[in-house]
Amino acid sequence: MINIIGLGYIGLPTALMFAAHDIEVVGTDYNSDLVNTLKQGIVSFEEKGLQELFDKATAKKIEFSNEYQKTDVYIVAVPTPYDKNTKQIDPKYVQNSVKTILEICPKGAIIVIESTVSPGTIDKFIRPIISKNGLVTGEDVHIVHAPERIIPGNMIYELEYNSRTIGADDKAIAQKIKDLYASFCKGDIILTDIRSAEMSKVVENTFRDINIAFANELAKICRNDNMDVYEIIKIANKHPRVNILNPGPGVGGHCISVDPWFLVGDYPDLAKLILQARLVNDSMPEFVLSRMHSIMKEHNIKDLGRVGLYGLTYKENVDDTRESPSLQLIENMEKHLASGLKVYDPWVKKNIVENQYKNFDEFLNDIDFVVIMVGHSHILENVDKIKNKIILDTRNIINISNVYKL
Ligand code: SAJ
């Protein structure tokens, strides 16, 4: 039996995947409401294929609980927030999980940490907890780092087919955990040491952040001189060794917009390019505001109440709004004391901002100018309904004439 700690975006699908592949699982979370919801057979967030996987898993051997279990293998998938001021990781949830595990685990248990951590976190914050408990790492308990790599929107597929990294002190332990993940993972499973596993995960997300920042900077340069950034990227990407990502209204989510800060926070004198990329991406909501401002001027729109923001999530076809560019944009507007903007997102059912509509047609009735912040399939299916509006398409997804771009 394995005990998965943390039943969020990563822990839940991972627990279900193991169970669906005949591994006995107990999923533990300190949030009783969440545990009760799962016990009732309701999945806690929307994700393609998650409900099917849930049904498959619950037909086999999975339980949900508030309690940590006494067992040989633990997988920790709890959040690792970062301190907004120091930009350094706050490892408290991982530390608390490890402390609780140590209270009950038998000798020789393996603790696998899946949560993303900055390089050196396990040495600095986890090993000391073990030694403080009078235990010896590698004898009484083993630590493994197996960072998750799945992308929201395609999690279930990627859980099965992405390659994975397993970092451990000891080859035999690494192999044991590799065999466990191989119960469902069809990708390559690479064995390495713990620091390399920590670093490679952060490096992957930083690579993507820098590439997106390059695209965003190009968008600004092209806007300045009236060039078509999308045409230019399309041509450049025909080169066999060039692959520029898409410019957009900013970078959100809890991964790419966070992980590079770990490197900046830990290596402020060295991580110069990484910092610059973060700043470029963080400046994009403000850039969208300046585009909105000039389009409103051109069309003599004075009332912000006739302007609508489409999309509140950090990217298309997910319900996750963490660090989303739209929320950053709204926050910037509030700082400038601007209000009245209308907002709609077909994926966000809860009211999280002012003037948020639940009905798309009512939203459209009240606006003349729509700013597309997220490329949900929903908007592509409804292009007919917006074609007579003024449109600013920050995602380059609407293929009709007279659409403004970044
Ligand atoms: N974005 C752009 N332009 C692009 C691609 C993305 O502006 O060309 C924006 C998105 O709209 C979004 C943000 O970047 O706001 C990040 O989205 P994403 O889809 O690139 O990535 P995440 O944050 O959903 O997931 C990433 C993935 N990492 C990489 O692709 C290297 C995923 O594999 C990781 O598991 C996840 O971070 C994580 O948990 O670390």
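In listed order, ligands and their atoms are each counted from 1.
For F360 and H378, the distance between ring centers is under 6.0 angstrom.
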Could you go through ligand 1 and list every pair where one of its N or O atoms sits under 3.5 Å from a protein N or O, giving the atom names and the distance to one decimal?
from: ligand 1; atom 1: 3 (N); to: N246; atom 2: O; distance (Å): 2.8
from: ligand 1; atom 1: 8 (O); to: N246; atom 2: N; distance (Å): 2.8
from: ligand 1; atom 1: 8 (O); to: N246; atom 2: O; distance (Å): 3.4
from: ligand 1; atom 1: 11 (O); to: Y314; atom 2: O; distance (Å): 3.4
from: ligand 1; atom 1: 11 (O); to: R395; atom 2: NH1; distance (Å): 2.7
from: ligand 1; atom 1: 11 (O); to: R395; atom 2: NH2; distance (Å): 3.2
from: ligand 1; atom 1: 15 (O); to: G252; atom 2: N; distance (Å): 2.9
from: ligand 1; atom 1: 15 (O); to: Y314; atom 2: O; distance (Å): 2.7
from: ligand 1; atom 1: 19 (O); to: K315; atom 2: NZ; distance (Å): 2.9
from: ligand 1; atom 1: 20 (O); to: R208; atom 2: NE; distance (Å): 2.6
from: ligand 1; atom 1: 20 (O); to: R208; atom 2: NH2; distance (Å): 3.1
from: ligand 1; atom 1: 24 (O); to: Y314; atom 2: OH; distance (Å): 2.5
from: ligand 1; atom 1: 24 (O); to: K315; atom 2: NZ; distance (Å): 2.9
from: ligand 1; atom 1: 28 (N); to: N205; atom 2: OD1; distance (Å): 2.8
from: ligand 1; atom 1: 33 (O); to: R149; atom 2: O; distance (Å): 2.7
from: ligand 1; atom 1: 35 (O); to: E148; atom 2: OE1; distance (Å): 3.2
from: ligand 1; atom 1: 35 (O); to: R149; atom 2: O; distance (Å): 3.2
from: ligand 1; atom 1: 35 (O); to: I150; atom 2: N; distance (Å): 3.2
from: ligand 1; atom 1: 35 (O); to: I150; atom 2: O; distance (Å): 2.8
from: ligand 1; atom 1: 37 (O); to: N205; atom 2: OD1; distance (Å): 3.4
from: ligand 1; atom 1: 39 (O); to: E148; atom 2: OE2; distance (Å): 2.5
from: ligand 1; atom 1: 40 (O); to: K201; atom 2: NZ; distance (Å): 2.7
from: ligand 1; atom 1: 40 (O); to: N205; atom 2: ND2; distance (Å): 2.6

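A search for salt bridge (Lys or Arg N to Asp or Glu O under 4.0 Å) contacts involving D368 returns R306, not counting sequence neighbours. Listed by chain and residue number, nothing satisfies the salt bridge (Lys or Arg N to Asp or Glu O under 4.0 Å) test with D83 (two or more places apart in sequence, or in another chain). Residues passing the salt bridge (Lys or Arg N to Asp or Glu O under 4.0 Å) test with D282 are R278, sequence neighbours excluded.
Taking the six-membered ring for Trp and thresholds of 30 and 60 degrees, Y344 and Y310 have ring planes inclined between 30 and 60 degrees apart.
For CG of N365, the number of neighbouring non-hydrogen atoms (other residues, nucleotides, ligands) closer than 6.0 Å is greater than 12.
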